[in-house]
Structures are given as C-alpha cells and as structure tokens.
Trainee: 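Sending over a structure as structure tokens; questions will come in a sec.
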Number of protein chains: 2
Amino acid sequence: MSPRKFFHPDTAELTLHRVLFALSDPTRLAVVSDLMRDGERASGDLLAESVPRSTMTHHLKILREAGVTRTRPEGMRCLISLRREDVDARFPGLLDAILAHGGAEASAP
Amino acid sequence: MSPRKFFHPDTAELTLHRVLFALSDPTRLAVVSDLMRDGERASGDLLAESVPRSTMTHHLKILREAGVTRTRPEGMRCLISLRREDVDARFPGLLDAILAHGGAEASAP
DNA sequence: ATTTATGTACGATTTTCGTCGTACATCGTA
DNA sequence: TACGATGTACGACGAAAATCGTACATAAAT
C-alpha cells in the first residue's frame with residue numbers, strides 16, 4: 001500500500017519548448033486557465049463533462065511532466081495545482097501573459 | 001511573374017494555442033530568438049548550417065501561419081521578421097517572457 | 001535565353017500526438 | 001473482506017507533425 005507516486009521535474013529542468021508544448025493544446029490550456037482562476041482542484045472536477053477520464057489523465061500527465069502542474073493524491077482523488085512559483089522563477093512573465101489573455105479560449109476544444 | 005504571395009493571418013485571428021504551438025519546437029524557438037536579437041533576417045541565413053532548406057521552409061510556414069512572423073520577398077531572397085506589435089497586441093507580455101529567457105535553448109535541437 | 005541562386009511545392013516516410021475503451025490499482029467505507 | 005469510487009496503465013486507432021529529397025518556380029545577371 002505504498003502511496004501513489006507522481007514524477008515531477010525539478011524547477012531547473014523545465015525547458016521552454018516543453019512548457020510551451022504543454023500549453024499548446026486547447027484542452028490543457030483550459031485546464032490551466034481553470035487552475036489559475038480557482039486554485040487547486042480535484043482532477044475529476046476538471047472539464048469532467050466533456051472529457052473522458054483516461055483522456056484527462058493523459059493531458060494531466062503531460063502538464064505534470066512539463067513541470068506546469070503538481071499532482072497530489074488526497075484519498076481517492078487527485079488534487080491538481082499550478083506550479084506557479086516554479087514556472088515564474090524559470091520563465092518570468094510567461095504565465096502572467098497567459099493569464100492576462102484570460103479564458104477567452106478556455107472553452108471546450 | 002506575379003510577385004510571390006504569402007498568407008498572413010490578421011492580428012485578431014491569432015489564437016493562443018496556435019502561437020504557443022508554433023513556439024513549442026526547438027528549431028522554431030531558435031529562429032524566433034534570432035529574430036528577436038537581430039531583427040529582420042534573410043531566411044537563408046537562419047540556422048543555415050544545421051537545417052535543410054525544405055525543412056526550414058516548413059518551420060517558417062508554421063511560424064508565419066500562426067502569425068508570429070512576417071515573410072517579405074526581396075529579390076531572390078525572403079526576409080523574415082517578427083510580428084512584434086501584433087503578437088504583443090493580442091498576447092501582451094508573451095514575447096517578452098520568451099525574450100527574457102534569452103537564447104538559453106536557442107542552439108541546435 | 002541560359003545560367004545561377006534562392007525558396008516553395010509535393011510526396012514519402014517515420015514519429016508523435018490525441019482520443020478513448022478496457023483492465024487494473026488504490027483508497028475509503030460498509 | 002468485499003464493495004464502490006476514483007484514477008492510472010496499456011493498447012489500438014486515426015490524425016497530425018517532423019524530416020528531407022526531388023522537382024519546380026521565381027529573380028537577377030550574363
């Protein structure tokens with residue numbers, strides 16, 4: 001019964017092209033937009049109506065392995081949060097620029 | 001002998017995920033980094049040593065159709081420049097954030 | 001008009017990505 | 001332990017992307 005493990009890259013290992021790629025998909029952009037507005041959220045509540053679970057798992061894995069989000073197991077659920085400070089430390093202003101654009105594209109793909 | 005035509009999207013039609021996708025490739029990121037530092041450049045001078053011409057044409061087309069760059073024919077050559085004001089108008093701070101990161105990844109892929 | 005330099009168009013190939021169903025694992029609770 | 005709820009792993013499928021060679025187009029000069 002080992003607690004579930006999730007790989008998270010170190011802050012120093014984030015690469016710009018990987019982060020940009022993680023953000024280049026409409027579904028993932030919508031997830032990040034939600035996280036920016038609402039803070040930490042359960043993965044099951046993210047776009048739950050429009051995206052199957054296995055598809056959401058896939059997108060969350062890409063965001064997590066790019067260093068954009070953090071996944072924290074909490075009982076049966078997974079809580080997802082933005083790695084705001086880490087991304088800001090490595091790419092200052094990047095998330096602000098995306099936040100500034102707001103959720104204009106943050107609807108379903 | 002009509003002068004060569006290149007499609008450029010209107011500023012209002014730029015989408016965030018398309019711009020981010022265009023910037024999510026190391027080769028294209030290196031091109032943009034060069035353009036930020038040196039201004040307008042001939043396409044043949046961009047990474048000429050490491051990327052075949054037809055491949056570079058492909059990348060420049062993606063950048064252009066995403067609205068990130070402008071291509072201007074000048075005699076036999078093509079001059080490439082950043083659409084700085086247009087991208088800034090639509091996504092303020094985005095290019096600054098990438099410029100701030102400098103050319104740290106701007107070497108060959 | 002021929003030649004040379006530059007860049008595009010097209011096609012073929014390989015790789016990667018996005019989607020999602022199914023089976024499995026984990027967690028809390030009855 | 002058995003059950004129900006949540007999330008992951010794996011595999012398959014089709015769509016899209018990255019690479020690059022070859023053929024063609026454009027422009028300038030001879």
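It should be emphasised that the depicted structure is a prediction, and the values quoted were computed from it without experimental measurement. Within every chain, numbering begins at 1; the chains are lettered A, B, ... in the order of the sequence lines, protein sequences first and strands thereafter.
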Trainee: Go through the structure and list residues passing side chain to side chain donor-acceptor pair (under 3.5 Å) with H59(A), not counting sequence neighbours.
Mentor: R28(A)

Trainee: Show each protein N/O and nucleotides 8-10 of chain D N/O combination with a separation under 3.5 Å, one pair to a line.
Mentor:
unit_1	atom_1	unit_2	atom_2	d
dT8(D)	OP2	T57(A)	OG1	2.6

Trainee: Select one nucleotide: of dT6(C), dT19(D), dG7(D), the one nearest the side-chain heavy atoms of R77(B).
Mentor: dT6(C)

Trainee: Figure out the CD/P separation between E74(B) and dA27(D), and round it to whole Å.
Mentor: 12 Å

Trainee: Give a yes/no on whether any side-chain N or O of T55(B) is located under 4.0 angstrom from OP1 or OP2 of dC20(D).
Mentor: yes

Trainee: Start at the 5' end of DNA chain C and walk down; is the nucleotide closest to G75(A) or to P52(A) reached first?
Mentor: P52(A)

Trainee: According to side chain to side chain donor-acceptor pair (under 3.5 Å), who are the partners of D25(A), at least two apart in sequence or on a separate chain?
Mentor: none

Trainee: Quickly work out the D25(A) CG to dT16(C) P distance and round it to whole Å.
Mentor: 18 Å

Trainee: Using whole Å, report how far CZ of R72(B) lies from P of dA27(D).
Mentor: 15 Å

Trainee: Indicate yes or no: at least one non-hydrogen side-chain atom of L94(A) is less than 4.5 angstrom from one of L16(A).
Mentor: yes

Trainee: From CG of L47(A) over to C1' of dC20(C), roughly how many Å is that when rounded to an integer?
Mentor: 16 Å

Trainee: Indicate yes or no for a side-chain donor-acceptor contact from T55(B) to the backbone of V51(B) under 3.5 Å, with no hydrogens or angles considered.
Mentor: no

Trainee: Could you list the residues that satisfy side-chain contact (heavy atoms from CB on, under 4.5 Å) with S43(B), not counting sequence neighbours?
Mentor: L60(B), C78(B), I80(B)

Trainee: For D10(B), which residues count as a salt bridge (charged side-chain N to carboxylate O under 4.0 Å, His left out) partner, sequence neighbours excluded?
Mentor: none

Trainee: On a heavy-atom basis, which atom in L47(A) and which in A30(A) lie closest, and how many Å separate them?
Mentor: CD2-CB, 4.2 Å

Trainee: Measure from CD on E65(A) to P on dC17(C) and round the result to the nearest Å.
Mentor: 11 Å

Trainee: One character per nucleotide, please: for nucleotides 11-17 of chain D, 5' to 3', B when the base has a protein heavy atom closer than 4.0 Å, S when only the sugar-phosphate does, - otherwise.
Mentor: ------S

Trainee: What is the distance, rounded to the nearest whole Å, between atom CE of M76(A) and atom C1' of dC27(C)?
Mentor: 6 Å

Trainee: Taking side chain to side chain donor-acceptor pair (under 3.5 Å) as the cut-off, I'd like each qualifying pair that reaches into residues 75-84 of chain B, sequence neighbours left out, listed once.
Mentor: D45(B)-R77(B), R83(B)-D86(B), R84(B)-D88(B), R84(B)-D96(B)

Trainee: For R72(A), give me all partners under side chain to side chain donor-acceptor pair (under 3.5 Å), at least two apart in sequence or on another chain.
Mentor: E40(A), E74(A)

Trainee: Separation of L20(B) atom CG from dC17(C) atom C1', in whole Å?
Mentor: 17 Å

Trainee: Write down the distance between CG (D45(B)) and C1' (dA5(C)), rounded to a whole number of angstrom.
Mentor: 13 Å

